[in-house]
Amino acid sequence: PVKAPLKDEL
Amino acid sequence: MNIFRLAGDIAHLLAVIILLLKIWKSRSCAGISGRSQLLFAIVYTTRYLDLLTNFVSIYNSVMKVVFIAASYATLYLMYMKFKATYDHNHDTFRIEFLLIPVTALALLVNHEFSVLEILWTFSIYLESVAILPQLFMVSKTGEAESITSHYLFALGSYRALYLLNWIYRYYFEGFFDPIAVVAGVVQTVLYCDFFYLYITKVLKGKKLSLPA
């Protein structure tokens, strides 16, 4: 599975 | 960080501050949907749980804490301190009609089937529709105070600016998160009718009132 994008936003 | 994201975050912060100040200064939460505010508190709580697991920057952490704290402060003012001014007769949108489909969608369409990831996805989907009880309330009463309109404009601008941020990030960083983008588009579209009224009425000094 594709890894979830990095959460760097609010 | 790019200019669109920074502007979006500032608009978001401004919206939250405008709302708190409006309630505090007028000692009244008339015209504000407690149901939307409850949904926003759920949105921030479920999205920012990663404060404990994922450090991005001081800026990121501080903003998260501010958004969580402000949402609970708003709930406190509405449901406790100025409860008598809460216009619950007009705040009748059934939030289970949002919560149930959004929960189902978050379980079905997510990046990864893990607790934090599903809660994050849930918060993104919920945020996109959390303003509906407020918009419903405005349409039911047929009007909104100017300060409420400014709040709604700032809050709507935030996700619209994020759309520009995502276009920028796609081209310059190769960053693309379809869940956030699709939900962001839905969220911004929901505000379009309001944006139109805001620009044609409120900015010309008129009160936001809907045709009967």
Side-chain angles (χ1 to χ4, degrees), chain A, chain B residues 1-2 4-6 8-13 16 43-44 47-51 53-57 59-68 109-114 116-121 123-124 127 158-159 161-163 165-166 168-170 173-181 183-184:
Chain A
V2 187
K3 190 129 175 54
L6 180 71
K7 312 280 185 274
D8 63 346
E9 294 181 339
L10 292 161
Chain B
M1 179 60 78
N2 59 62
F4 303 114
R5 179 146 57 125
L6 183 63
D9 288 345
I10 291 169
H12 193 185
L13 196 59
V16 166
V43 165
Y44 299 129
R47 180 157 337 152
Y48 300 153
L49 282 175
D50 70 349
L51 261 175
T53 60
N54 175 30
F55 178 78
V56 178
S57 63
Y59 168 84
N60 184 276
S61 298
V62 169
M63 291 292 257
K64 284 174 173 171
V65 171
V66 168
F67 286 129
I68 294 174
V109 184
N110 53 57
H111 289 301
E112 192 184 297
F113 206 83
S114 66
L116 271 186
E117 191 62 31
I118 286 171
L119 286 173
W120 178 85
T121 311
S123 88
I124 291 286
E127 183 188 336
Y158 137 69
R159 223 49 180 174
L161 287 160
Y162 257 66
L163 293 182
N165 155 59
W166 289 322
Y168 179 95
R169 293 193 77 179
Y170 177 76
E173 299 169 24
F175 176 93
F176 178 59
D177 185 338
I179 289 179
V181 172

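First the proteins, then the strands, lettered A, B, ... as listed; each starts at 1.
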Is atom OH of B:Y59 surrounded by more than 12 heavy atoms (other residues, nucleotides or ligands) closer than 6.0 Å? yes
Go through the steps to decide whether A:K7 and B:E117 satisfy the test salt bridge (Lys or Arg N to Asp or Glu O under 4.0 Å), and finish with yes or no. CA-CA 10 Å; A:K7 312 280 185 274; B:E117 191 62 31; 3.1 Å; yes
Got a second to check how far A:L10's CG is from B:Y162's OH, nearest 0.5 Å? 4.5 Å
Answer with side chain, backbone, both or neither: which region of B:Y44 has an atom nearer than 4.5 Å to a non-hydrogen atom of chain A? neither
B:N60 portion near chain A, given a 4.5 angstrom heavy-atom threshold: both
Using 0.5 Å steps for rounding, measure from the CD atom of B:E173 to the CG atom of A:D8. 8.0 Å
Most chain A-contacting option - heavy-atom pairs closer than 4.5 Å, from B:K64, B:M1, B:R169: B:R169
Heavy-atom check, side chain of A:E9 versus side chain of B:N165, under 4.5 Å: yes
